[in-house]
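Taking it in order: structure first as structure tokens, then the write-up.
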Amino acid sequence: MIDQSRLWDAQAAAEYDTPGQGMFAPEVLGPTVDLLAELAAGGPALELAIGTGRVAIPLREAGVPVTGIELSEAMIARLREKVDAASIPVVAGDMATAVAGDGFSLVYLVFNTISNLLTQEEQVACFRNAARHLAPGGRFVVELWVPQLRSLAPGHGGTVEVSEPGYLLVDTYDTLAQQVVSHHVRFDPAVDGARGARLGRSPHRYIWPSELDLMAQLAGFTRESRWAGWDRSEFTADSRSHVTVYRLPGGTP
């Protein structure tokens, strides 16, 4: 079993934040925070795998009380450089098992992070853990990519997902085990020289949307919405990712 906490070490935490760019760009964060604040409906929220606070901090600034669960002590330390424990409490532990209270209106898990759990059993446990934290009628929001197996050429086990100056992302698939390894290649000729590059790899278990829905049912949820993004765009057969909202029974409709 891979120790996920070692993947998200001090170096990963130091390099994670890219203010104003990528995941931290206003056009990405703005719709994310707006939708989560609406779904919280005035109640408190719990972020599973809170990381360095990319979403939690602006959501807290939008008026939503946020608590977090995070496995990586290095990521928590980076978060603490920005906000104190009184502002955003964090429980150190696995998002599939750690307990951070109950009665939340919203639990959310963004940017493909549920795929960091490498077995189906752990992923189902994560849904059940989300459910036990929620008040009746509470919502669980998952942002996840759609496996791009249609992009696999016959006889090849990998796809190029991103190719841009200084960065290359290649995903390699084991379709029998439903596993994918993302290979992140970063290079800067001015720093690394003409032939140098830095390689990082992260393992994932990919999940089809229909399988995700079944996991939700096992935990007592029903699906409320599914969109192609935080802007509520339509989810289609060509969508490369989705934002799905699940809800527990009870509470105010």
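These numbers come from a predicted model, not from an experiment.
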Would you say that [X] contacts [Y] through its side chain, given a criterion of any heavy-atom pair below 4.5 Å between the two side chains?
X	Y	answer
Arg54	Leu29	yes
Val64	Leu36	no
Ile57	Glu61	yes
Val243	Tyr108	no
Val142	Met215	no
Leu35	Trp227	yes

So, for [X] and [Y], which heavy atoms are closest and what is the spacing to 0.1 Å?
X	Y	answer
His183	Val181	CD2-O, 3.3 Å
Ala197	Val185	CB-CG1, 4.0 Å
Leu152	Gly158	CD2-N, 3.4 Å
Ala219	Leu248	O-CD2, 4.2 Å
Ser105	Ala40	CB-O, 3.3 Å
Leu117	Cys126	CD1-CB, 3.6 Å

Quick check on the hydrophobic clustering: are [X] and [Y] connected, directly or via other members, by side-chain heavy-atom contacts under 4.5 Å?
X	Y	result
Val99	Leu134	no
Leu199	Leu169	no
Val170	Tyr167	no

Say whether [X] and [Y], considering side chains only, have a donor N or O and an acceptor N or O under 3.5 Å apart.
X	Y	value
Glu211	Gln120	yes
His204	Ser202	yes
Tyr206	Gln178	no
Thr244	Arg226	yes
Thr159	Glu161	yes

Using the test side chain to side chain donor-acceptor pair (under 3.5 Å), find all partners of Asp231 that sit at least two apart in sequence or belong to another chain.
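Ser233.
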
With Glu38, which residues qualify under side chain to side chain donor-acceptor pair (under 3.5 Å), at least two apart?
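Once residues adjacent in sequence are excluded, the partners of Glu38 under the side chain to side chain donor-acceptor pair (under 3.5 Å) criterion are Arg232.
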
Between [X] and [Y], is there a donor-acceptor pair closer than 3.5 Å when you use the side chain of the first and the backbone of the second?
X	Y	answer
Glu47	Gly68	no
Arg80	Val83	yes
Arg139	Leu39	yes

Determine, step by step, whether Thr32 and Phe111 satisfy the side chain to side chain contact (heavy atoms under 4.5 Å, CB included) criterion, reporting the C-alpha distance in whole Å, the side-chain angles of both residues, the deciding distance to 0.1 Å, and the verdict.
CA-CA 11 Å; Thr32 303; Phe111 200 60; over 6 Å; no

Kindly compute the distance separating [atom1] ([X]) from [atom2] ([Y]), expressed to the nearest 0.5 Å.
X	Y	atom1	atom2	answer
Ser241	Phe235	OG	CZ	8.5 Å
Asp171	Arg201	CG	CZ	13.5 Å
Met95	Asn116	CE	CG	5.5 Å
Ile207	Ile114	CD1	CD1	4.5 Å
Leu144	Leu109	CG	CG	8.5 Å
Thr52	Glu81	OG1	CD	9.5 Å

Could you walk me through whether Leu106 and Val141 pass side chain to side chain contact (heavy atoms under 4.5 Å, CB included), step by step?
CA-CA 8 Å; Leu106 176 71; Val141 179; 3.6 Å; yes

Counting neighbours of CD on Glu164 that are heavy atoms of other residues, nucleotides or ligands and sit closer than 6.0 Å, is the number greater than 12?
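Yes, the 6.0 Å shell around CD holds more than 12 heavy atoms from other groups.
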
Taking atom CG of Asp174 as the centre, report whether more than 12 heavy atoms of other residues, nucleotides or ligands fall under 6.0 Å from it.
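Yes, CG of Asp174 has more than 12 neighbouring heavy atoms, counting only those of other groups under 6.0 Å.
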
Only counting residues at least two apart or in another chain, list the ones meeting side chain to side chain contact (heavy atoms under 4.5 Å, CB included) with Leu218.
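Leu218 satisfies side chain to side chain contact (heavy atoms under 4.5 Å, CB included) with Val124, Arg128 once adjacent residues are dropped.
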
Could you give all pairs that pass the ring-ring contact (aromatic ring centres under 6.0 Å, His included) test and reach residues 122-143, with sequence neighbours left out?
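Residue pairs with at least one partner in residues 122-143: Phe127-Phe140, Phe127-Tyr246, Phe140-Phe221.
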
Side-chain donor-acceptor pairs under 3.5 Å in residues 84-94, sequence neighbours left out?
{"from": "Asp84", "atom 1": "OD1", "to": "Ala86", "atom 2": "N", "distance (Å)": "3.2"}
{"from": "Asp84", "atom 1": "OD1", "to": "Ser87", "atom 2": "N", "distance (Å)": "2.9"}
{"from": "Asp84", "atom 1": "OD1", "to": "Ser87", "atom 2": "OG", "distance (Å)": "2.9"}
{"from": "Asp94", "atom 1": "OD1", "to": "Ala96", "atom 2": "N", "distance (Å)": "2.8"}

Salt bridge (charged side-chain N to carboxylate O under 4.0 Å, His left out): pairs with one or both residues in residues 142-153, sequence neighbours excluded:
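For residues 142-153: Arg150-Asp238.
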
